[in-house]
**Student:** 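I'd like to ask some things about the structure below.
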Amino acid sequence: MESRSNILVFETPEQLALAAAERFVEYSNEPLDMSERFSVALAGGNTPRRVYELLATEPFKNRVAWFKTHLFFGDERCVPPEHPDSNYAMANEALISKVPIPANNVHRIIGEGNANENALAYEDELRIYFAGLAWPRFDLVLLGMGEDGHTASLFPNSAALKETSRWVLPTRNEQLGQDRITLTLPVFNHARRLMFLVTGQKKAQRLKEVLRPQPGSEQLPVQAITPIQGMLEWLVDADAASLV
Ligand code: 6PG
């Protein structure tokens, strides 16, 4: 599978969410790895919530083989699972609690407690799931983009962007003063499929800079998402794409 990237513009966030849910279903029914499992790294933040809600409803819900679907997280805020800022809480409320996915197939990043230990624990869990691989190869990774060009919890100028061996790292959102745990760039770039979900006027200027970089401009975390042997898709709404 050679590397390709596509930019798809949708009139409304709802049309974007419907297309993303349809892709999730389609990719979950593609020929999978030897173990016949479909591994997904979910995105946090607000934009993916509507996609998760749709996946928990027909005509999407009964077209996904939830028994072979494994849900991981691309990043987490260092808060308990019931906290309003928890990415797990959002995904659980919108999707996980509403579909017949086995509890063991849901791989939460532990947000409460020591971030270093929790990052190492999650890396261990990934190394067990992707046993024998130098890097995990997710079937699908969902990602968002912050107004500063961050993705997952990989923030501009963060040392984590230079990581070359760890799969999971503790980081920090300095703007919010919030500790985070995130999968690293090499993990994302070894995925089979990656899908950015970006909506809203507030992100238009940054998206233009990301997709039409000026010569010599500093690389932003989202621009470091370049799959080695995979497919990258940008699903953006008309507002976010208004300057591209
Ligand atoms: C998180 C996300 C983060 C998010 C962007 C966009 O935990 O916050 O992983 O990277 O995708 O901040 O967030 P919105 O979708 O809320 O705009």
Side-chain angles (χ1 to χ4, degrees), residues 10 12-14 16-17 19-21 24 40-54 71-96 107-112 115 118-119 122 138 140-158 160-161 167-185 187-189 191 194-207 209-211 220-225 232-242:
F10 298 88
T12 65
E14 183 67 9
L16 183 153
F24 186 109
V40 181
L42 297 177
N46 297 312
T47 308
R49 179 194 298 272
R50 183 63 185 142
V51 180
Y52 302 159
E53 289 169 352
L54 287 168
L71 298 179
F72 294 84
F73 288 80
D75 72 324
E76 185 58 280
R77 293 88 178 269
C78 293
V79 294
E82 65 286 341
H83 190 284
D85 287 353
S86 164
N87 286 337
Y88 170 78
M90 180 272 287
N92 186 48
E93 197 268 323
L95 172 65
I96 297 166
H107 306 265
R108 175 173 82 88
I109 296 176
I110 298 171
E112 64 278 20
N118 293 337
Y122 204 62
F138 282 102
L140 177 61
V141 171
L142 302 179
L143 291 167
M145 180 189 84
E147 289 173 42
D148 62 356
H150 80 258
T151 191
S153 284
L154 294 164
F155 297 96
N157 310 313
S158 154
L161 295 166
W167 294 11
V168 188
L169 281 178
T171 62
R172 187 169 172 77
N173 180 332
E174 296 300 346
Q175 273 174 359
L176 300 177
Q178 186 180 56
D179 288 331
R180 301 282 190 100
I181 293 173
T182 187
L183 302 188
T184 58
L185 280 174
V187 170
F188 291 132
N189 286 333
L194 298 115
M195 216 160 38
F196 274 111
L197 310 173
V198 182
T199 63
Q201 192 63 41
K202 282 190 304 178
K203 299 191 179 168
Q205 180 57 42
R206 187 64 71 188
L207 190 62
E209 291 164 15
V210 165
L211 299 178
L220 293 164
V222 287
Q223 293 169 311
I225 300 290
L232 172 62
E233 293 176 297
W234 286 85
L235 278 63
V236 304
D237 74 348
D239 284 350
S242 56

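Every number for a ligand or one of its atoms is a count from 1 in the order of the listing. Throughout, residue positions are numbered sequentially from 1 according to the sequence presented. The shown structure was predicted, so the numbers you read here are calculated from the model rather than taken from an experiment.
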**Student:** Work out whether the distance between some heavy atom of Glu147 and some atom of ligand 1 is less than 4.0 Å.
**Tutor:**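 No, that is not the case, since the closest heavy atom of the residue is not under 4.0 Å from the ligand.
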**Student:** Quick one: CZ on Phe73 to CD1 on Ile181, what's the gap to the nearest 0.5 Å?
**Tutor:**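 Result: 12.5 Å between the selected atoms.
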**Student:** Run the numbers for me: atoms of ligand 1, each under 4.0 Å from some heavy atom of Gly144, listed by number.
**Tutor:**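 By the 4.0 Å cutoff, the relevant atoms are 11 (O).
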**Student:** Could you list the atoms of ligand 1 found under 4.0 angstrom from a heavy atom of Arg180?
**Tutor:** 1 (C), 7 (O), 8 (O)
**Student:** Out of Leu176, Asp75, Val222, who is nearest to atom 2 (C) of ligand 1 when you count heavy atoms only?
**Tutor:** Asp75
**Student:** Do Glu147 and Lys203 sit within salt-bridge range, that is, some charged N less than 4.0 Å from a carboxylate O?
**Tutor:** no
**Student:** Around atom 15 (O) of ligand 1, find the nearest protein heavy atom and jot down its residue, atom name and distance.
**Tutor:** Thr47 OG1, 2.5 Å
**Student:** Please report the shortest heavy-atom distance between Leu16 and Leu235, naming the atom on each side.
**Tutor:**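 Between these two residues, the closest heavy atoms are CD1-O, 3.2 Å.
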**Student:** Nearest to atom 17 (O) of ligand 1, what protein heavy atom do you find, and at what distance?
**Tutor:**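 The answer is Lys203 NZ, 2.5 Å.
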**Student:** Any idea how Tyr122 and Phe72 line up, ring-wise: parallel (<30°), tilted (30 to 60°), or perpendicular (>60°)?
**Tutor:** perpendicular
**Student:** Among Val198, Leu143, Thr199, Leu142, which residue satisfies the side chain to side chain contact (heavy atoms under 4.5 Å, CB included) criterion with Thr47?
**Tutor:**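 Going through the options one by one, the only one that passes is Thr199.
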**Student:** Going by distance alone, is a donor N or O of one side chain under 3.5 Å from an acceptor N or O of the other, for Asp75 and Ser153?
**Tutor:** yes
**Student:** Answer yes when Glu76 and Arg180 have at least one side-chain N-carboxylate O distance shorter than 4.0 Å, and no when they do not.
**Tutor:** no
**Student:** For Glu53 and Ala94, indicate whether the former's side chain and the latter's backbone hold a donor-acceptor pair under 3.5 Å.
**Tutor:** no
**Student:** Heavy atom of Glu76 under 4.0 Å from ligand 1?
**Tutor:** no
**Student:** Is the closest heavy-atom distance from Ala152 to ligand 1 below 4.0 Å?
**Tutor:**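 Yes, that is the case, since the closest heavy atom of the residue is under 4.0 Å from the ligand.
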**Student:** At a 4.0 Å threshold, what atoms of ligand 1 neighbour a non-hydrogen atom of Arg77?
**Tutor:**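 Ligand 1 atoms under the 4.0 Å threshold to Arg77: 1 (C), 7 (O), 8 (O).
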**Student:** Which of the numbered atoms in ligand 1 are below 4.0 angstrom from a heavy atom of His150?
**Tutor:**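 The list of qualifying atoms is 3 (C), 5 (C), 10 (O), 12 (O).
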**Student:** Nearest to atom 16 (O) of ligand 1, what protein heavy atom do you find, and at what distance?
**Tutor:** Asn46 N, 2.8 Å
**Student:** Around atom 6 (C) of ligand 1, find the nearest protein heavy atom and jot down its residue, atom name and distance.
**Tutor:**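 Looking at atom 6 (C) of ligand 1, the protein heavy atom closest to it is Met145 O, 3.5 Å.
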